[in-house]
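Comments concern the structure below.
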Amino acid sequence: RKAAVVNWDPVDMTVLANEQVIDGKGWRSGAAVERRELTQWFFKISDYSEELLSALDGLTNWPEKVRLMQANWIGKSRGLQFAFDMVGAPAGFETLEVYTTRPDTLMGASFAAISPDHPLAKALEADPKVAAFLAQARLGGTTAEALETAEKIGFDTGIRVKHPLDPAWELPVWIANFILMDYGTGAIFGCPAHDQRDFDFATKYRLPIKPAFLGEGMADAPMAEAYVPMKSERVTYVRGFAGAETQTGDEGVATAIAHAETNGYGKGVTKFRLRDWGVSRQRYWGCPIPVVHCPTCGVVPEAKANLPIELPYDVSFDIPGNPLDRHPTWRDCTCPKCGTKARRETDTMDTFVDSSWYYARFTAPRATTPTVAEEAAYWMNVDQYIGGVEHAILHLLYSRFFARAMHKTGHLPAAAIEPFNALFTQGMVTHEIYKTTDAAGRPVYHLPEDVTVFNVADRRIVVPGNVPPPVDMIDDVDAFIRALSDEGLLVEVIPSAKMSKSKKNVVDPMNIIAAFGADTARWFVMSDSPPERDVEWTASGAEAAFKHLSRVWALCSRIGDMPADHKGEGDEELARATARAIDEVTRGIEGFAFNKAIASLYAFTNTLAKANASTAPMKEAIRTLAKLMSPMTPHIAEEVWSYQGGAGLCAQGPWPKADPALLIDDTVTLPIQINGKRRAEISVPKDMPASEVEKLALADEDVIRFLAGQPVKKIIVVPGRIINVVV
RNA sequence: GCCCGCGUGGUGGAACGGUAGACACAGGGGACUUAAAAUCCCUCGGCUGCAAGGCUAUGCCGGUUCAAAUCCGGCCGCGGGCACCA
């Protein structure tokens with residue numbers, strides 16, 4: 001229960017918190033959310049923004065999608081940062097720093113705006129009108145919808161800034177609720193012509209809208225919305241100040257930054273969207289943050305000898321809030337620096353902290369230090385990491401950061417800074433949701449095993465309970481459904497979703513195992529969908545899997561009963577089929593295409609069931625089948641293996657290897673197309689030269705019939721694949 | 001709004017640019033049964049034909065190619081991620 005400690009810095013930040021989190025009193029759902037300042041602990045992941053972004057290129061065995069999501073999350077942008085000189089601002093606020101990714105639109109500026117959380121806004125808060133505005137701006141929800149629909153509101157401070165390119169030109173400074181303190185400098189210059197938000201704001205408050213550029217060949221005209229072309233697009237500057245009159249946005253930005261740097265009013269900077277990782281939680285169930293608050297020394301890291309700080313067990317959750325805050329003794333401690341009475345930090349760490357380095361801990365689980373150098377060097381990295389896509393950003397990015405931090409603190413070797421060599425994101429097992437409504441209008445969810453699904457006249461009807469109604473006696477289906485509905489017996493079927501206990505769309509694995517065994521459950525889950533996709537759980541699918549495994553067992557006992565000297569037919573073909581099965585199943589498993597591997601096993605089993613070969617190849621085939629099945633269905637595989645006289649466990653023996661000679665057929669069947677349509681096929685020896693194949697194809701009677709004497713323009717022979725005759 | 005991804009039978013899904021629908025589920029038919037279950041066999045994209053077969057078909061429209069589910073462009077639909085990020 002300890003975590004590596006990296007860059008402990010208390011940071012004052014504005015965070016969003018609801019009442020429950022702040023004072024532990026209210027726990028009403030939908031309680032008003034307000035914004036307050038809390039002291040929180042952060043990991044300075046932003047120091048690694050560039051590194052975490054550029055290293056994504058090296059993760060060649062990660063899905064492109066995940067790398068892209070991380071790149072977008074890190075969000076690198078290049079822009080200009082510069083300072084406006086202010087007129088009429090309080091003492092200490094001589095300049096206003098702003099950041100823009102479109103410095104080429106500088107001449108389209110019509111105002112400057114600061115975040116309600118900007119230090120300047122706070123400095124002005126003594127003015128009751130400002131205070132009232134800030135209170136209003138801080139209201140409002142934090143959900144995506146709330147933000148989307150939130151109206152833009154602003155307050156003109158009366159302060160003015162001088163335009164960097166023309167000191168005589170002054171712009172008003174507004175406080176605006178849509179400016180974020182967390183990004184850039186918390187202040188912007190507004191260019192309504194080329195930013196939709198600024199456009200909306202300028203329209204509302206009647207500020208000038210002046211284009212800096214027009215689309216190539218477009219005329220200057222009043223605009224209905226902001227003109228925001230891609231930076232790669234060429235535009236004609238009507239209020240340009242750097243570079244060519246017509247150039248791409250990228251060129252415009254580059255020349256504008258150069259202009260600012262040459263003339264000394266600003267500099268090009270790179271910003272990242274990635275914010276520091278706030279790890280403080282006002283909860284019990286996280287690792288305690290090993291920090292002591294001392295009245296004389298301030299914030300002091302706990303002495304190493306006292307680590308790990310363990311959570312107390314005698315806590316109560318009767319009252320909402322963090323029990324650590326109320327614990328009588330846990331909070332009390334002595335300052336590791338001066339020895340006086342002090343208080344422990346009661347915030348605990350985000351549980352993502354634990355999941356960010358467990359893989360490293362696994363390399364030396366019983367060590368008294370977080371990791372052991374030799375063990376970490378030996379075991380790291382994780383060769384293949386498998387998890388849901390929902391971890392694409394947070395967990396996987398935090399882990400990448402944490403591995404780097406652990407390297408810096410000497411807990412991991414340099415080779416382990418990218419902890420996961422290969423990543424596979426698997427889908428989920430889903431099921432539809434069955435819902436009814438109780439008398440009070442509350443939703444009631446039903447387990448799949450507690451409803452009955454049946455069809456009447458192509459209508460799928462679901463009722464609670466396990467007794468289907470007498471379907472034959474229903475003649476008016478609509479009336480029947482209405483009656484069910486009136487009695488509250490019509491179950492609403494909600495489309496398939498990730499299995500969740502609260503929605504009761506779960507199938508208990510224990511029930512499946514009790515009914516069919518664990519092999520069946522594993523076989524079915526892997527058989528239908530590729531693993532990166534979600535699988536819909538169906539009872540019939542599980543039954544089908546069970547039937548198939550029963551067939552395998554029946555086949556096993558039949559082959560087991562064969563007399564040792566039985567001479568059959570098709571020994572060669574069966575040996576080929578066996579080799580092909582080994583090849584296909586191996587490639588399927590190695591390529592994470594378990595559904596294809598299982599399809600091959602079905603085909604091989606069917607071939608074997610129909611075969612009438614001699615005893616030796618039959619036994620060889622069933623033993624191979626056991627081996628190939630063992631990753632999916634270990635129990636039946638071992639039974640079959642042992643029944644067929646296999647030595648030891650098949651899980652312990654080597655994986656079968658296909659004889660390459662048996663994988664190559666001596667003759668191949670080639671389809672013949674005429675103008676791209678399949679018309680015939682011929683069998684030819686596999687190494688027959690193309691010219692011979694051509695002759696044979698043109699001599700084929702179906703081909704002759706279809707050509708009907710037309711001259712052949714061209715003939716394409718793809719060896720081993722296809723022949724196309726063009727007329 | 002921005003960034004990704006995906007659209008193939010009734011269903012889950014196969015298909016290095018080369019025989020579309022492998023392998024299954026469901027359905028239909030049959031055998032065995034007094035009957036049912038279980039098991040086994042046949043059939044199963046659509047249209048057409050007694051049949052052999054033919055035509056048509058991978059969301060829609062167009063293009064590249066001897067050949068397109070696959071590559072390119074444009075629509076439509078669905079899903080995921082991000083989001084007052086200046």
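So you know, we letter chains A, B, ... as the sequences are listed, proteins then strands, and number each from 1. Just so it is clear, the model here is predicted, and its values are computed rather than measured.
- Whole-Å rounding puts the A:Phe199 CZ to B:G1 C1' distance at 16 Å.
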Where protein sits on nucleotides 14-23 of chain B, one letter per nucleotide: B base, S sugar-phosphate only, - none, heavy atoms under 4.0 Å
SSB-BB--BS

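- Rounded to a whole angstrom, the distance from the C1' atom of B:C44 to that of B:U65 is 34 Å.
- The gap from the C1' atom of B:C3 to that of B:G12 amounts to 30 Å, rounded to the nearest Å.
- B:G45 sits 23 Å from B:C41 when the C1' atoms are compared, rounded to a whole Å.
- Contacts of A:Leu68 with the nucleic acid, taken as non-hydrogen atoms under 4.0 Å apart, involve only primed sugar atoms and P, OP1 or OP2.
- Using a 4.0 Å cut-off between charged side-chain N and carboxylate O, A:Asp665 and A:Arg576 make a salt bridge.
- Listed by chain and number, the residues in a side-chain hydrogen bond (donor to acceptor under 3.5 Å, both in side chains) with A:Tyr227 amount to none (sequence neighbours excluded).
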Is there a side-chain contact (heavy atoms from CB on, under 4.5 Å) between A:Arg679 and A:Val725 once you walk through the steps?
CA-CA 10 Å; A:Arg679 296 300 183 188; A:Val725 181; over 6 Å; no

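- Closest approach to the A:Ile179 side chain among B:C4, B:G81, B:A86 is made by B:A86 (side chain taken as heavy atoms from C-beta onward).
- Looking only at side-chain heavy atoms (C-beta outward), A:Ile179 and A:His118 stay at 4.5 Å or farther from each other.
- Contacts of A:Phe524 with the nucleic acid, taken as non-hydrogen atoms under 4.0 Å apart, are absent.
- Screening A:Thr248, A:Asp104, A:Val253 for a side chain to side chain contact (heavy atoms under 4.5 Å, CB included) involving A:Lys231 leaves a single residue, A:Val253.
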Treat a base pair as Watson-Crick or G-U wobble with both distances under 3.5 Å, then lay out RNA chain B in dot-bracket form, 5' to 3', with | for cross-strand pairs.
(((((((..(((.....[....))).(((((.......))))).((((....))))..(((((..]....))))))))))))....

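- Here, B:G28 and B:A36 have their P atoms 15 Å apart, quoted to the whole Å.
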Distances for protein N or O near nucleotides 38-43 of chain B N or O, under 3.5 Å:
none

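- Here, B:A69 and B:G63 have their P atoms 15 Å apart, quoted to the whole Å.
- Across all strands shown, A:Arg705 has no heavy atoms under 4.0 Å from either base or sugar-phosphate atoms.
- B:C78 and B:A86: their C1' atoms are spaced 32 Å apart (whole Å).
- Residues A:Ile393 and A:Asn72 have side chains not in contact (no heavy-atom distance under 4.5 Å, counting atoms from C-beta outward).
- In this structure, the salt bridge (Lys or Arg N to Asp or Glu O under 4.0 Å) partners of A:Arg587, at least two apart in sequence or on a different chain, are A:Asp583.
- For the pair A:Lys210/A:Arg239, a side-chain contact is recorded, criterion being any heavy-atom separation below 4.5 Å from C-beta on.
- In terms of the side-chain hydrogen bond (donor to acceptor under 3.5 Å, both in side chains) criterion, residue partners of A:Arg197 (sequence neighbours excluded) are, by chain and number, A:Asp195.
- Separating the CZ atom of A:Arg273 from the P atom of B:C2 is a distance of 16 Å, rounded to the nearest angstrom.
- The separation between A:Tyr99 atom OH and B:A86 atom P is 7 Å, rounded to whole Å.
- Mapped onto RNA chain B by nearest heavy atom, A:Asp195 and A:Glu543 fall at different nucleotides, with A:Glu543 at the one closer to the 5' end.
- Applying the side-chain hydrogen bond (donor to acceptor under 3.5 Å, both in side chains) test to A:Glu97 and every residue at least two apart in sequence or in another chain returns A:Gln81.
- Relative orientation of the A:Phe189 and A:Phe84 rings is perpendicular, given thresholds of 30° and 60° on the angle between their planes.
- Closest-nucleotide positions on RNA chain B for A:Ser77 and A:Arg679 were compared, and the one nearer the 5' end corresponds to A:Arg679.
- For the C1' atoms, the distance linking B:U58 with B:A15 amounts to 11 Å, nearest Å.
- Rounded to whole angstrom, the span from the CD atom of A:Gln196 across to the P atom of B:C85 amounts to 11 Å.
- Every salt bridge (Lys or Arg N to Asp or Glu O under 4.0 Å) that A:Lys204 has, sequence neighbours left out, goes to A:Glu151.
- The A:Lys152 side chain lies nearest to B:C84 when the options are B:C84, B:C82, B:A24.
- In this structure, the ring pair (Phe, Tyr, Trp, His ring centres under 6.0 Å) partners of A:Phe352, at least two apart in sequence or on a different chain, are A:Tyr398.
- Under the side-chain hydrogen bond (donor to acceptor under 3.5 Å, both in side chains) criterion, A:Glu681 pairs with A:Arg678, sequence neighbours left out.
- A straight line from CE of A:Met69 to P of B:C2 spans 19 Å, rounded to a whole angstrom.
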Nucleotide N/O to protein N/O under 3.5 Å, stretch nucleotides 46-50 of chain B:
none

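- Residue pairs meeting the salt bridge (Lys or Arg N to Asp or Glu O under 4.0 Å) criterion with at least one member in residues 538-549 of chain A, sequence neighbours excluded, do not occur.
- Syn is the conformation of B:G9, whose glycosidic angle sits no further than 90° from 0.
- Within the structure, every side-chain polar atom (N or O) of A:Lys65 is placed at least 4.0 Å from both OP1 and OP2 of B:C6.
- Protein atom CD1 of A:Ile175 is 18 Å distant from nucleotide atom C1' of B:A86, rounded to whole Å.
- Atom P of nucleotide B:C4 and atom CZ of A:Arg67 are separated by 15 Å, given to the nearest angstrom.
- Around atom CD of A:Glu701, no more than 12 heavy atoms belonging to other residues, nucleotides or ligands sit under 6.0 Å away.
- Comparing the C1' positions of B:A68 and B:A57 gives an interatomic distance of 14 Å, to the nearest angstrom.
- If you take CG of A:Asp182 and P of B:C85, they are 13 Å apart, rounded to a whole angstrom.
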